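When reading the values below, keep in mind they use all heavy atoms of this one structure, side chains included, and skip hydrogens, waters and symmetry mates. What you are looking at is a predicted structure, and each value in this text was computed from that prediction instead of being measured.
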Amino acid sequence: MLTPVGYLLGAVTADYVLEFLMQQTGALQSVLSVFIGSGSGAGIGLLFVIAGISGIVFLTVFKIDKDKWRVKSPLSLYYLKTAHLLIRL
């Protein structure tokens, strides 16, 4: 349901924020342009780098702390108990 909103926000962020950031001259742009480039399309390249780094960070956190994978919602626990009782029948 929120996927189209994410696509729209990603496109707007890449085109109007990150592309503008990569066209400006400064210390951040000079460091990032070594890895991504500075021409047209550098904003979407930066967005892909940010998405990749954030994915690696989140997966590392979930790998280290396995308790985050557990279901803690009371409704979900109810369904798990119900499924367990049905399996016993």
Side-chain angles (χ1 to χ4, degrees):
M1 186 165 131
L2 291 177
T3 303
V5 175
Y7 287 148
L8 182 65
L9 288 177
V12 169
T13 302
D15 285 342
Y16 296 108
V17 177
L18 298 176
E19 190 75 32
F20 178 73
L21 176 73
M22 293 302 292
Q23 299 302 323
Q24 300 297 318
T25 56
L28 181 64
Q29 187 270 343
S30 63
V31 170
L32 291 175
S33 66
V34 172
F35 301 107
I36 299 169
S38 61
S40 178
I44 194 70
L46 182 58
L47 185 67
F48 280 127
V49 169
I50 292 170
I53 290 173
S54 64
I56 290 170
V57 167
F58 286 128
L59 289 175
T60 304
V61 167
F62 277 107
K63 179 76 174 168
I64 291 171
D65 189 9
K66 299 213 185 245
D67 189 47
K68 288 188 177 14
W69 288 101
R70 295 180 192 253
V71 178
K72 295 182 179 176
S73 169
L75 187 60
S76 298
L77 291 174
Y78 169 76
Y79 285 123
L80 287 174
K81 289 178 184 176
T82 306
H84 180 66
L85 291 175
L86 289 175
I87 292 172
R88 292 176 119 185
L89 294 177

message: To the nearest 0.5 Å, what is the distance between CE on M22 and CG on L46?
response: 6.0 Å
Distance-minimising heavy-atom pair for T13 and L9: OG1-O, 2.6 Å
query: Do F48 and I50 share a hydrophobic cluster, counting only Ile, Leu, Val, Met, Phe, Trp and Tyr and linking them when any side-chain heavy atoms are less than 4.5 Å apart?
result: yes
- request: Report whether L28 and I53 are members of the same hydrophobic cluster (ILVMFWY, side-chain heavy atoms less than 4.5 Å apart, transitive linking).
  value: yes
query: Where is the tightest heavy-atom contact between L47 and G10, given as atom of each residue plus distance?
result: CD2-O, 3.6 Å
- request: Identify the two heavy atoms, one from E19 and one from I44, that lie closest to each other, and give their separation to 0.1 Å.
  value: OE1-N, 4.3 Å
- line: Looking only at heavy atoms, the pair that brings Q29 and Q24 closest together is CG-O, 2.9 Å
- prompt: Y16, L18: one ILVMFWY side-chain cluster at the under-4.5 Å cut-off?
  reply: no
field: Nearest non-hydrogen partners of G37 and A42, listed with the distance
entry: O-CB, 3.5 Å
